[in-house]
**Student:** 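Provided herewith is a single structure, encoded as structure tokens, for subsequent inquiry.
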Amino acid sequence: MTAYRDTYVGDLDADAAGKTVTIAGWASRIRDQGGVAFVDVRDASGLVQVVIAPDEVPELADVARNLRREYCVKILGEVRARPAGTENLDLPTGAIEIAAKTVEVLSTSQPLPFQLDDAVETDELVRLQYRYLDLRRDRMAANLKARSRVVAAIHHNLDSAGFMEVETPTLIKSTPEGARDVLVPSRHRQGHFYALPQSPQLFKQLLMVAGVDRYYQIARCYRDEDFRADRQIEFTQLDLEGSFWGQDEVLATIEAVVSDAVEAVRSAPLDLPLARMTYQDAMDRFGSDKPDLRFGMEITELSEVFAGSEFKAFASVVEGGGVVRAINIGASETSRSHLDGIIDRAKELGAKGLVWMVIEEGGEVRSPIAKFLEASELASITIAMDAGIGDVLLLVADESREASEVLGQLRLDHGRPAGHENLSFLWVTDFPVFDVTPDGGLVPAHHPFTSPRSVEELRESPETAVANAYDLVVNGVELGSGSVRIHDPAVQQEVFDILGIAPEEAHQRFGWFLEALRYGTPPHAGFAFGIDRLVSVLQNEPNIREVMPFPKTQTGLDPLTSSPSLVTAEQLAELGIELHPEVRETLEAHPAE
RNA sequence: GGGGGCGUGGUGAAGCCAGGAGUUCACGCCGGCCUGUCAAGCCGGAGGUCGCGGGUUCAAAUCCCGUCGUCCCCGCCA
């Protein structure tokens with residue numbers, strides 16, 4: 001095939017016996033028996049055992065002694081069946097071995113900073129510092145491969161379905177809405193800044209105006225918010241939009257794409273169509289707009305039981321328009337300290353308090369508030385909660401939204417399966433236009449180009465108005481969201497107005513976009529989902545860094561290249577930028593950082 | 001912005017609560033032995049400013065304060 005090899009080791013099996021091959025790869029492990037020696041050679045396709053036998057090839061006598069792990073080698077030899085009894089069933093190529101005739105070291109390796117096998121976990125900072133070595137490990141190589149397959153499946157599906165891939169700019173206009181922008185200073189226009197896109201949202205809508213009809217892009221996106229296991233400053237989305245479309249077309253398209261992507265990694269497609277649930281239903285039953293449906297533990301309404309009870313703390317909440325709700329987390333630890341820990345967690349989540357109940361042997365209810373409740377009230381609770389002996393119930397009294405969200409999180413704390421062996425996809429539909437803040441204020445739940453189900457509804461009762469917006473969820477992970485867009489400039493203007501964006505302000509920020517809508521904009525709708533999140537779930541990884549080749553740490557550092565870094569005074573001067581004195585002082589105090 | 005975990009030879013961990021000589025274990029590394037191993041085995045060896053700074057103490061990896069880094073979570077993420 002090339003001057004370096006004619007065979008990938010992963011292609012070798014019993015049928016290859018007798019062939020003379022040339023392979024190239026890395027010496028993964030060397031087992032020197034004093035005479036005969038075995039070298040596991042790894043290439044991108046797999047691993048094969050090479051035998052170095054001095055009694056057969058005398059000139060190789062010292063070769064094994066001078067080999068070290070991760071030396072890059074080229075080996076010519078004959079494939080042969082392993083002697084009976086020495087086959088390795090754990091290895092795909094374990095039926096055969098390569099008897100080396102020549103061994104050429106293409107490149108030596110220093111001792112590694114960490115081991116590439118899974119014998120010991122390695123600190124992630126060290127892994128990232130030597131990411132090029134980390135990526136040689138089976139786990140990471142498999143993740144890269146899975147990611148490539150997912151992306152290939154997406155391209156194949158959408159290309160076949162008539163979508164056009166269009167690139168949009170990555171140096172764009174900053175808009176203050178949403179996440180913090182990553183800014184890039186302009187040299188030609190000092191004091192002016194580009195932003196890196198949080199998503200290609202407005203450009204893809206312009207493409208609809210442009211008549212592209214069906215657009216998609218595997219797009220890099222940037223959001224300068226704090227890092228999490230599922231969030232990095234830069235990440236990748238499948239971005240997609242179609243003209244003369246509504247929600248049904250978007251969902252069907254995304255379902256087909258995701259199913260193909262899943263099949264590419266998990267070998268089986270999804271059962272379509274995927275389950276759907278309204279936002280209201282998800283919040284009421286699971287206390288989350290991204291419920292994990294792999295387990296039950298649904299939220300139960302107990303307001304009626306407490307409305308007239310002697311436990312005044314709860315009764316008064318109900319009287320004041322609040323609710324009492326609970327989950328049954330099943331048989332679990334019932335020690336006082338553990339239950340107190342749950343109370344602390346509930347407070348961290350914003351609950352005013354939490355009451356636990358334990359169903360004891362014999363059906364007695366142990367709880368700090370048991371003495372305030374009638375036997376009939378306790379019975380109502382255990383029946384409503386379907387509580388059996390040993391079960392632990394967690395009760396929260398609060399405003400409806402707060403109570404549900406706290407219980408939703410506690411539900412995850414106590415019920416969520418580890419990992420992602422099974423996949424439970426779900427559409428959440430009918431999102432509200434606004435989120436209501438604790439003090440009663442309204443903040444847009446989506447970008448302001450999302451079409452409301454009805455403009456009249458939006459105008460008359462904005463707090464309950466429903467948007468044509470939908471999210472895709474898998475195992476409690478929000479993969480992405482989309483909506484039917486506004487295509488009528490008059491509606492767009494009105495929505496800006498209701499969202500509290502003044503006409504002049506809207507014109508200043510989005511005038512160019514409103515102008516575009518005035519030229520025969522087709523009805524359109526779309527979606528975007530995170531490739532990193534999807535692949536991390538499919539690969540059963542705990543965070544998206546494991547499926548990104550070169551991710552950053554929680555403080556935005558790339559330990560491999562040490563970016564971000566200082567730049568020269570000249571570079572700053574060209575941009576008309578000067579560091580703030582406080583920043584300079586800090587830098588002088590810590591010159592190494 | 002806040003809460004929590006972690007930081008000990010190249011890697012991973014134990015030691016810390018209850019202060020007493022850089023102690024231990026596994027892997028790796030170097031050398032020797034070994035002709036069918038496959039996480040090879042056996043023998044020997046090297047390798048550490050216990051993240052950094054300060055404090056308490058006769059004495060600090062261990063206790064206290066600060067700081068840096070990292071991971072998880074809350075906030076934030078239209």
Side-chain angles (χ1 to χ4, degrees), chain A residues 28-40 47-56 61 64-65 68-70 82-91 93-94 97 99 109-130 133 175-181 198-199 201-202 221-233 235 341 344-351 405-406 409 412-413 431 433-435 443-450 467 469 478 481 483 499 501 509 530 542-543 545 552-555 557 559 586 589-590 592-593:
Chain A
S28 185
R29 222 175 236 117
I30 300 148
R31 295 179 293 279
D32 184 354
Q33 306 293 305
V36 68
F38 303 92
V39 181
D40 289 340
L47 194 79
V48 74
Q49 172 166 287
V50 172
V51 183
I52 296 173
D55 58 351
E56 297 171 31
R65 205 146 306 130
R68 293 292 181 271
R69 287 187 186 213
E70 296 304 308
R82 293 197 186 188
T86 66
E87 301 89 349
N88 184 346
L89 298 176
D90 297 332
L91 211 59
T93 61
E97 60 194 11
S109 171
Q110 297 182 11
L112 300 174
F114 57 91
Q115 291 159 244
L116 301 190
D117 55 40
D118 293 328
V120 287
E121 283 279 305
T122 302
D123 187 85
E124 193 173 348
L125 192 65
V126 180
R127 290 174 53 204
L128 292 182
Q129 197 175 344
Y130 296 93
L133 298 178
T175 53
E177 292 79 19
R180 195 176 292 111
D181 279 330
Q198 295 179 28
S199 80
Q201 183 61 36
L202 293 178
C221 302
Y222 305 84
R223 293 177 193 175
D224 192 4
E225 296 293 344
D226 287 350
F227 290 64
R228 286 290 177 80
D230 61 353
R231 287 173 7 202
Q232 284 265 310
I233 190 168
F235 59 99
D344 290 342
R345 172 66 171 162
K347 285 178 178 165
E348 181 192 8
L349 294 168
E405 284 183 350
V406 169
Q409 187 59 54
L412 292 177
D413 288 353
F431 271 77
V433 175
F434 291 103
D435 285 329
V443 292
H446 302 274
H447 58 67
F449 317 104
T450 301
E478 180 191 332
S481 61
S483 62
L499 295 179
I501 303 174
R509 283 198 220 156
N543 65 65
R545 297 185 301 279
K552 290 167 181 53
T553 68
Q554 216 162 56
T555 55
L557 173 75
T586 306
H590 305 278
E593 288 145 28

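So you know, we letter chains A, B, ... as the sequences are listed, proteins then strands, and number each from 1.
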**Student:** What interatomic distance, in whole Å, is found between C1' of B:A18 and the corresponding atom of B:U62?
**Tutor:**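 Per the computed distance, 10 Å lies between those C1' atoms.
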**Student:** Can you tell me the base-pairing partner of B:U37? Count Watson-Crick or G-U wobble geometry only, both distances below 3.5 Å, and say none if there is no partner.
**Tutor:** none
**Student:** On a whole-Å scale, what distance lies between the P atoms belonging to B:G3 and B:U67?
**Tutor:** 12 Å
**Student:** Checking salt bridge (charged side-chain N to carboxylate O under 4.0 Å, His left out) for the pair A:R545/A:E124: CA distance, chi angles, key distance, verdict?
**Tutor:** CA-CA 10 Å; A:R545 297 185 301 279; A:E124 193 173 348; 2.5 Å; yes
**Student:** When the P atoms of B:U49 and B:C72 are considered, how many whole Å apart are they?
**Tutor:**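 It works out to 30 Å between them.
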**Student:** Report yes if the ring of A:F38 lies under 5.5 Å from the six-membered base ring of B:U37 with planes under 30°, and no otherwise.
**Tutor:**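 So A:F38 counts as stacking on the base.
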**Student:** So which atom in A:S199 and which in A:C221 form the shortest heavy-atom distance, rounded to 0.1 Å?
**Tutor:**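 Taking every non-hydrogen atom into account, CA-SG, 3.9 Å.
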**Student:** Whom does B:G10 pair with, Watson-Crick or G-U wobble, provided both distances fall under 3.5 Å?
**Tutor:** B:C27
**Student:** Please state the P separation for the pair B:G4 and B:A13 - nearest whole angstrom.
**Tutor:**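 Here B:G4 and B:A13 have their P atoms 22 Å from each other.
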**Student:** On a whole-Å scale, what distance lies between the P atoms belonging to B:U23 and B:G5?
**Tutor:**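 Rounded to whole Å, the distance is 30 Å.
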**Student:** Which whole-number value in Å describes the distance from A:Q33 CD to B:C38 P?
**Tutor:** 7 Å
**Student:** Roughly, in whole Å, what's the span from CZ in A:R65 to C1' in B:C33?
**Tutor:**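 To the nearest whole Å, that distance equals 10 Å.
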**Student:** Should the heavy atoms of other residues, nucleotides or ligands under 6.0 Å from CD of A:E56 be counted, would the total exceed 12?
**Tutor:**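 For A:E56, atom CD is crowded (more than 12 foreign heavy atoms under 6.0 Å).
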**Student:** Between A:D32 (CG) and B:G36 (P), how many Å, whole number?
**Tutor:** 12 Å
**Student:** If the sugar-phosphate is the primed atoms plus P, OP1 and OP2 and the base is the rest, what is the B/S/- string for nucleotides 26-31 of chain B, using protein heavy atoms under 4.0 Å?
**Tutor:** -BSSSS
**Student:** What I want to check is whether an N or O donor and acceptor connect the side chain of A:E87 with the base of B:G36 at under 3.5 Å.
**Tutor:** no
**Student:** Quick one: A:I30 CD1 to B:U37 P, roughly how many Å, whole number?
**Tutor:**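 Distance check: A:I30 CD1 to B:U37 P gives 18 Å.
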**Student:** Looking at every strand, decide which applies to A:T122 at a 4.0 Å heavy-atom threshold: base, sugar-phosphate, or nothing.
**Tutor:** sugar-phosphate
**Student:** Please assess A:T450 against A:V433 for the test side chain to side chain contact (heavy atoms under 4.5 Å, CB included), listing each intermediate value before the final yes or no.
**Tutor:** CA-CA 8 Å; A:T450 301; A:V433 175; over 6 Å; no
**Student:** Between B:G53 and B:A14, how far apart are the C1' atoms? Round to whole Å, please.
**Tutor:**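 So the two C1' atoms sit 27 Å from each other.
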**Student:** For residues 109-117 of chain A, dump all side-chain donor-acceptor pairs below 3.5 Å to protein atoms at least two apart in sequence or in another chain.
**Tutor:**
from   : atom 1 : to     : atom 2 : distance (Å)
A:D117 : OD1    : A:A119 : N      : 3.0
A:D117 : OD2    : A:R29  : NH2    : 3.0

**Student:** Using a 4.0 Å heavy-atom cut-off across all strands, classify A:Q129 as base, sugar-phosphate, or nothing.
**Tutor:** nothing
**Student:** Of all heavy-atom pairs between A:D181 and A:D224, which one has the smallest distance, and what is that distance?
**Tutor:**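 Closest heavy-atom pair between A:D181 and A:D224: O-CB, 3.9 Å.
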**Student:** Sort out the partner of B:U70 for me: Watson-Crick or G-U wobble, both distances under 3.5 Å, none otherwise.
**Tutor:**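 The base-pairing partner of B:U70, which may sit in any strand shown, is B:G5.
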**Student:** Determine whether a donor-acceptor pair (one donor, one acceptor, N or O, separation below 3.5 Å) exists between the side chain of A:E121 and the base of B:U11.
**Tutor:**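 Such a pair does not exist between side chain and base.
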**Student:** Rounded off to whole Å, could you give me the CG-to-C1' distance for the A:L116 and B:G10 pair?
**Tutor:**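 Computing the A:L116:CG to B:G10:C1' distance gives 13 Å.
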**Student:** Describe the nucleic acid contact of A:P113 in one word from base, sugar-phosphate, nothing, applying a heavy-atom distance below 4.0 Å.
**Tutor:** sugar-phosphate
**Student:** With P as the reference atom in both, quote the distance from B:C43 to B:C27 in angstrom, rounded to an integer.
**Tutor:**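 Pairwise P distance, B:C43 against B:C27, rounds to 12 Å.
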**Student:** Across all strands, who's sitting opposite B:C77 as a Watson-Crick or G-U wobble pair, both distances under 3.5 Å?
**Tutor:**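 Base-paired to nothing in any strand shown.
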**Student:** Quickly work out the A:N88 CG to B:A40 C1' distance and round it to whole Å.
**Tutor:** 12 Å
**Student:** Step by step, work out the salt bridge (charged side-chain N to carboxylate O under 4.0 Å, His left out) result for A:D40 and A:R31.
**Tutor:** CA-CA 8 Å; A:D40 289 340; A:R31 295 179 293 279; 2.9 Å; yes
**Student:** Given the structure, check if the side chain of A:D40 and the base of B:C38 hold any donor-acceptor pair shorter than 3.5 Å.
**Tutor:**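 There is none.
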**Student:** Between B:G51 and B:A61, how far apart are the P atoms? Round to whole Å, please.
**Tutor:**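 The answer is 10 Å between these two P atoms.
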**Student:** Using a cut-off of 4.0 Å between protein heavy atoms and nucleotide atoms, how would you tag nucleotides 70-78 of chain B 5' to 3' with B, S and -?
**Tutor:** SBBBBBBBB
